[in-house]
Amino acid sequence: MITLLANAGLVDPATGRDGRGSVLVRDGAVADIAWGAAPAPPEGAAVVDCAGLVLAPGLVDMRAFTGEPGAEHRETLKTASEAAAAGGVTTLVCMPDTKPVIDDPAIVDFVLRRARDTAVVNMHPAAAITKGLAGREMTEFGLLSEAGAVAFTDGTHGVASSQVMRRALTYARDFGVLLMPHLEDADLVGDGVMNEGETASRLGLAGIPREAETVLLERDLRLVRLTGARYHAAMVSCGDSVALMRQAKEAGLPVTCGVSINSLTLNENDIGDYRTFLKLSPPLRSEDDRQAVIDGLADGVIDVIVSDHNPQDVETKRLPFAESADGAIGLETLLSAALRLVHDGRLSLPRLIGTLSGRPAEILRLPAGRLAAGAPADLVLFDPDEPYVLDKRDLRSRSKNSPFDEARLQGRVRLTLAAGQIVYDGRGKGRPG
Amino acid sequence: MASPRPIYPHRHLLGIEGLSPCDIKALLDLADEAVEVSRQIEKKKATLRGRTQINLFFEPSTRTQSSFEIAGKRLGADVMNMSVASSSVKKGETLIDTAATLNAMRPDILVVRHQAAGAVHLLARKVECSVVNAGDGAHEHPTQALLDALTIRRRKGRIEGLTVAICGDILHSRVARSNIILLQALGARVRVIAPSTLLPTGIEHFGVEAYTDMRKGLAGADIVMMLRLQRERMNGSFVPSVKEYFRYFGLDQEKLSLAKADALVMHPGPMNRGVEISSEVADGAQSLIQEQVEMGVAVRMAVLEALASHLPNG
């Protein structure tokens, strides 16, 4: 099958190049790129007119939770992949917080097979750092990565023991695997449910200090210096963490980090009247912190944006704030929400696309995130300016806990291709679906 | 009283560290003779007749203790075994009290194993007899290194120029430390192979080449020396699992084929079959593991004989 995506605004994060051009897709791969005026389509090619739209590599999301195996009522690999496709995400890393936990090569194999048989986008499991996410005994990094685990993380759990973390980093280096821990010191979180500060005090909610994140981050960065392992802080949420990352990068450590789309676009005040869909880990911080992580993203200290997609249902969310589960879905709104940074003049479009596709692919050592001949034809075509109001009934995710419900968004996915196949088509629709 | 320089100029054997290549060769030559004695029907010599040898083991060890016992008996000594219930709370004072008590019984040779590095040296300073280190913590196990060297030398005819790969739990291994020093003293090239979690910090300053990829580390090796991995270290603390350890660091026939075709396999025992070594290799034609046990008795006879010339009233 041959498709010519003609006259789009192309964005190639690998080279930073953007401008008018066309992309020829053949047999699931990008066959050719023509910058400038569209070439004549080859015989038999389907032509998609992309005038006024942006064509970029499909997004690569390094952090998404699914419910499969174990909590299929919240999300399956299939529904997560459909939500991803609707959001322009063509590759996602699914977290090991499943039942059973992805801490055994057989579970990695199960997820890969289920994804192959049911999912419409590329899904790569991340395996646990410690068995059962219990923080005590490290998992089989060698066998798990051979089975297909692309990174190691304890998902929503921080690794509390410094000794366990040191040994894991030491052992990881031998196998060249990537550790991608969540930064949350359970002791410092204590009973905390939102950012510590005035807002929490007024709401009468227990706070989570920034130090619950920075203490672990600083420890980990020192252990990386000791061990030399590849390290990716899953999500930073505050200015202090950005400063630590900046220092570590300037010192030449092999470290990278991500930020949740929520930390970039929302702050603690959005919790308002105890909205549990905004109860997150890390918690939404202050507006100063939000500005600091945007700055960090703009100047490259923060490498990637993640959706931190975490489906929860009414049983876990329709509860008093302190008792409800952490997490928000985010795959479908990832690009629209991230485009706020472009519309606000904080990031250029090529830089944004880099943080959403090129850079995560590079960190994960996947062939995605490029607009080049020979690259997989994982592509997203979107209108960067189209305004809409999110209606959660349109969401494909099996869970509807979006923090952007009824929010005004600007920028909308029109077409998503995975390996050259159309996996989402929102053309000619007032709203997707 | 002028006497010719003794073949072994030390009162104790506390470690390989501090021995000259000449001392080591002298012990190995003596051990060669002891092998012949041990292969006779009449295995008894009179070198230590009337002498008292106490085997003082703070850590249980069937094979090393019996090896020392047989060696002492073949030399005519009266051998007594003392197993002290091992307990981590036993520290300096208790050890020194034990030493004083034993010293008062006027033994001639003390063979000591202790779980703490340096404990045997401490004890040696408190007694008047000769002391043999039968293993102190993760520090040294000199008679194991000597018996390994003897085994290699008898099979290969030399040690100089050989490439010896020591694989496994280097971090906790006294056998590895003693072997590294001895083999380098005699001119071998030593490699260590282990996951980084089982390599001691600063190993690169030991003059060895460190490998975390066993396949690379085994390429071209003349001798592959496997170390035991203790069970409590293979469940996620230092190594994720037995399965993963065996896959990447266990010696099977396939990995052994990367070493030289005439490479020989050694193991200080006791082996964990299927953890660090496959049964096929352990029992295979390239294995020297049984021979090491025989050489153990010979080397310990040689050490006791060498020390005999320094005994008080000797």
Side-chain angles (χ1 to χ4, degrees), chain A residues 96 100-109 126-149 152-154 157 159-177 179 222-231 254, chain B residues 138 165-173 191-205 208-219 227 229-252 254-255 258 272 274-276 278:
Chain A
V101 169
I102 306 179
D103 62 0
D104 185 288
I107 314 291
V108 171
D109 193 58
I129 295 172
T130 62
K131 293 171 189 168
L133 308 174
R136 286 191 291 272
E137 298 158 351
M138 64 180 158
T139 59
E140 299 167 328
F141 293 174
L143 298 172
L144 287 161
S145 67
E146 274 189 40
F152 291 81
T153 174
D154 275 357
H157 303 259
V159 178
S161 161
S162 307
Q163 181 67 281
V164 168
M165 196 60 185
R166 183 209 173 154
R167 294 233 179 93
L169 285 163
T170 303
Y171 193 74
R173 185 192 51 190
D174 292 349
F175 290 91
V177 301
L179 291 198
R222 286 177 186 278
L223 293 176
V224 169
R225 192 169 65 178
L226 181 67
T227 59
R230 290 172 63 215
Y231 178 89
Chain B
I166 307 176
C167 315
D169 187 358
I170 311 288
L171 179 63
H172 301 97
S173 175
R191 299 174 181 173
V192 294
I193 304 172
S196 294
T197 43
L198 294 176
L199 283 173
T201 305
I203 187 74
E204 62 279 8
H205 301 303
V208 299
E209 296 169 53
Y211 292 86
T212 54
D213 181 340
M214 191 172 189
R215 293 166 179 281
K216 289 182 186 153
L218 288 181
L227 298 174
L229 179 66
Q230 294 203 0
R231 212 153 270 285
E232 65 268 21
R233 295 182 182 133
M234 50 178 110
N235 293 320
S237 53
F238 291 87
V239 165
S241 67
V242 169
K243 190 170 73 173
E244 174 144 323
Y245 187 73
F246 186 72
R247 168 69 170 274
Y248 297 104
F249 295 98
L251 188 65
D252 54 16
E254 189 258 327
K255 290 200 201 81
L258 300 166
N272 288 309
V275 176
E276 69 258 356
S278 73

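Per chain, numbering begins at 1; letters A, B, ... match sequence-line order.
- Here B:Asp169 pairs with B:Arg233 under the salt bridge (Lys or Arg N to Asp or Glu O under 4.0 Å) rule; sequence neighbours left out.
- Using a 4.5 Å cut-off between heavy atoms, B:Phe238 touches chain A through backbone and side chain atoms alike.
- With no hydrogens or angles considered, no side-chain donor-acceptor pair links A:Glu140 and B:Tyr245 at under 3.5 Å.
- Within residues 196-204 of chain B, the residues having any heavy atom less than 4.5 Å from a heavy atom of chain A are, in residue-number order, B:Ser196, B:Thr197, B:Thr201.
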Under 3.5 Å, sequence neighbours excluded: what are the donor-acceptor pairs made by side chains of residues 130-137 of chain A?
residue: A:Thr130; atom: OG1; partner: A:Ala134; partner atom: N; Å: 3.4
residue: A:Thr130; atom: OG1; partner: A:Gly135; partner atom: N; Å: 2.7
residue: A:Thr130; atom: OG1; partner: A:Asp154; partner atom: OD2; Å: 2.7
residue: A:Lys131; atom: NZ; partner: B:Pro240; partner atom: O; Å: 2.5

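- Below 30°, between 30° and 60°, or above 60°: for A:Phe141 and A:Phe152 the angle between ring planes is between 30° and 60°, a tilted geometry.
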Distance-only criterion, 3.5 Å: show the donor-acceptor pairs between side-chain atoms of residues 161-170 of chain A and protein atoms not counting sequence neighbours.
residue: A:Ser161; atom: OG; partner: A:Gln163; partner atom: N; Å: 3.3
residue: A:Ser161; atom: OG; partner: A:Val164; partner atom: N; Å: 3.0
residue: A:Thr170; atom: OG1; partner: A:Arg166; partner atom: O; Å: 2.7

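- Taking 4.0 Å as the cut-off between side-chain N and carboxylate O, B:Lys216 and B:Glu209 do not count as a salt-bridged pair.
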